**Q** 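The following block contains the structure, expressed as structure tokens.
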Number of protein chains: 2
Amino acid sequence: MGNKTKASITDMLRASNLSITDTRVKILELFMDSNGALEHSSFEKLAGHSFDRVTVYRTLQTFLDKGIIHSIPTTDTSIRYALCKSDCSEHDHHDHHIHFKCEECGNTICLDDTNIPEIHLPKGYAAHNIDVVVSGVCKQCK
Amino acid sequence: MGNKTKASITDMLRASNLSITDTRVKILELFMDSNGALEHSSFEKLAGHSFDRVTVYRTLQTFLDKGIIHSIPTTDTSIRYALCKSDCSEHDHHDHHIHFKCEECGNTICLDDTNIPEIHLPKGYAAHNIDVVVSGVCKQCK
DNA sequence: CACATTTATGCAACATTGATGCATAAATAT
DNA sequence: ATATTTATGCATCAATGTTGCATAAATGTG
Ligand SMILES: [Mn+2]
Ligand SMILES: [Mn+2]
Ligand SMILES: [Zn+2]
Ligand SMILES: [Zn+2]
């Protein structure tokens, strides 16, 4: 990680009115260094025991609340998280894009440039959010 | 539940080469009586302590393997399950449809007649399955 | 129907995941 | 430099999920 990215991390935190702490900086670094979504247990694996499990839960929740990260639905127990690339904020998540989960490598990535299609719901249903998770084989694994 | 449905439950189990047990019949009854997806804890709530937690886990896994039920991704920890309506089998799940989660009542339902749209993935990605979960307000709640 | 064989269940024990209260440490503002 | 605010770590607990093994129930055969 270069200093440049480190500077932008502190900027991100400040922009969300969050104080700059080691844990928050480290977790954001891990997100930036990763090319896919991370789940809770990833942080223990990647960062060792440098911070407490509870702190990780609280940090992820804070980042979610502030619109710094978003969660990705799964059919296993673990929730995955990834950085929001557009400028989401506390009450305005608008980083809408589809997700791809590779069955080979297990990696989940954000497809930022793939359009979310229109869904025609039956009468009476109002859509607020659409989650699309495509599973298959990714570019690297095929 | 009428006897008719009860008969069809035993037929379902036999068609999947599963022995007819109280737990399996009861869990299938609960699925049929429910108008939405069920999560693990639902069974304890609906059926009391009539069977062991472990048995529920194993039964749901068996039903998944056999294509009797399918799982629905969520961003909370609980996985939800619903009956496959088309005739899925052990190695051929083809009950593809989108899911709707109501933010008011919390219910998750299968929209069997709503088409899954085409997704145009970037080059190099092969799609095997598409999960679409729309959240918003359902017909009853609006 | 009785019996042998196969399979599912229940229980105990354990592992993992997540939440909360509270004292202390760290970050920020003055 | 210090006061105030906020985040962290630890202890504890709750919920969720897994595994091994003995027993109970279901199925197939005579
Ligand atoms: Mn994403
Ligand atoms: Mn469904
Ligand atoms: Zn891959
Ligand atoms: Zn509703």
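The chains referred to below are lettered A, B, ... by the order of the sequence lines, with proteins before strands, and numbering in each begins at 1. Every value quoted in this text rests on a predicted model; they were computed, and no experiment measured them.
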**Q** Roughly how many Å is it from CZ in A:Arg24 to C1' in C:dA27, rounded to a whole number?
**A** 10 Å

**Q** Using heavy atoms to find the nearest nucleotide of DNA chain D for B:Arg14 and B:His40 separately, return the residue whose nucleotide is more 5′.
**A** B:His40

**Q** Among A:Val132, A:Leu111, A:Ile116, exactly one meets side-chain contact (heavy atoms from CB on, under 4.5 Å) together with B:Ile119. Which residue is that?
**A** A:Val132

**Q** What distance do A:Arg80 atom CZ and A:Ile109 atom CD1 have between them, rounded to the nearest 0.5 Å?
**A** 12.0 Å

**Q** Send over the distance from A:His49 NE2 to D:dT8 P, rounded to a whole Å.
**A** 18 Å

**Q** Are there over 12 heavy-atom neighbours, none belonging to A:His128, within less than 6.0 Å of that residue's NE2?
**A** yes

**Q** Give a yes/no answer on whether the side chain of A:Thr23 brings an N or O atom under 4.0 Å of OP1 or OP2 in D:dT8.
**A** yes

**Q** Rounded to the nearest angstrom, tell me the gap between atom CD in B:Glu39 and atom P in D:dT16.
**A** 8 Å

**Q** Send over the distance from B:Ile27 CD1 to C:dT9 P, rounded to a whole Å.
**A** 8 Å

**Q** Is there a side-chain contact between A:Ser41 and the phosphate of C:dT16, meaning an N or O under 4.0 Å from OP1 or OP2?
**A** no

**Q** Whole angstroms only, please: what is the CD-P distance between A:Gln61 and D:dT8?
**A** 14 Å

**Q** Would you state whether a donor and an acceptor, one from the side chain of A:Arg53 and one from the base of D:dG9, lie under 3.5 Å apart?
**A** no

**Q** Which whole-number value in Å describes the distance from A:Tyr57 OH to D:dT12 P?
**A** 19 Å

**Q** Return the nearest nucleotide to the side chain of B:Ser19; candidates are D:dG17, D:dT27, C:dG10.
**A** D:dT27

**Q** Rounding to a whole Å, what distance do you find between B:Phe51:CZ and D:dT23:C1'?
**A** 20 Å

**Q** In this structure, how many angstroms lie between the C1' atom of D:dA24 and the CD1 atom of B:Ile20, rounded?
**A** 17 Å

**Q** Between A:Thr55 and D:dG9, is there a side-chain N or O to OP1/OP2 distance below 4.0 Å?
**A** yes

**Q** More than 12 heavy atoms of other residues, nucleotides or ligands under 6.0 Å from CG of A:Asp113: yes or no?
**A** no

**Q** Checking A:Thr59 side chain against A:Thr55 main chain: does a donor-acceptor pair fall under 3.5 Å?
**A** yes

**Q** Does B:Arg58 make a side-chain N or O approach to OP1 or OP2 of C:dT9 shorter than 4.0 Å?
**A** no

**Q** Just compare C:dA12, C:dG18, C:dA8 and give me whichever is closest to any side-chain atom of B:Thr77.
**A** C:dG18

**Q** Measuring to OP1 and OP2 of D:dT8, would you say a side-chain N or O of A:Thr21 lies under 4.0 angstrom away?
**A** yes

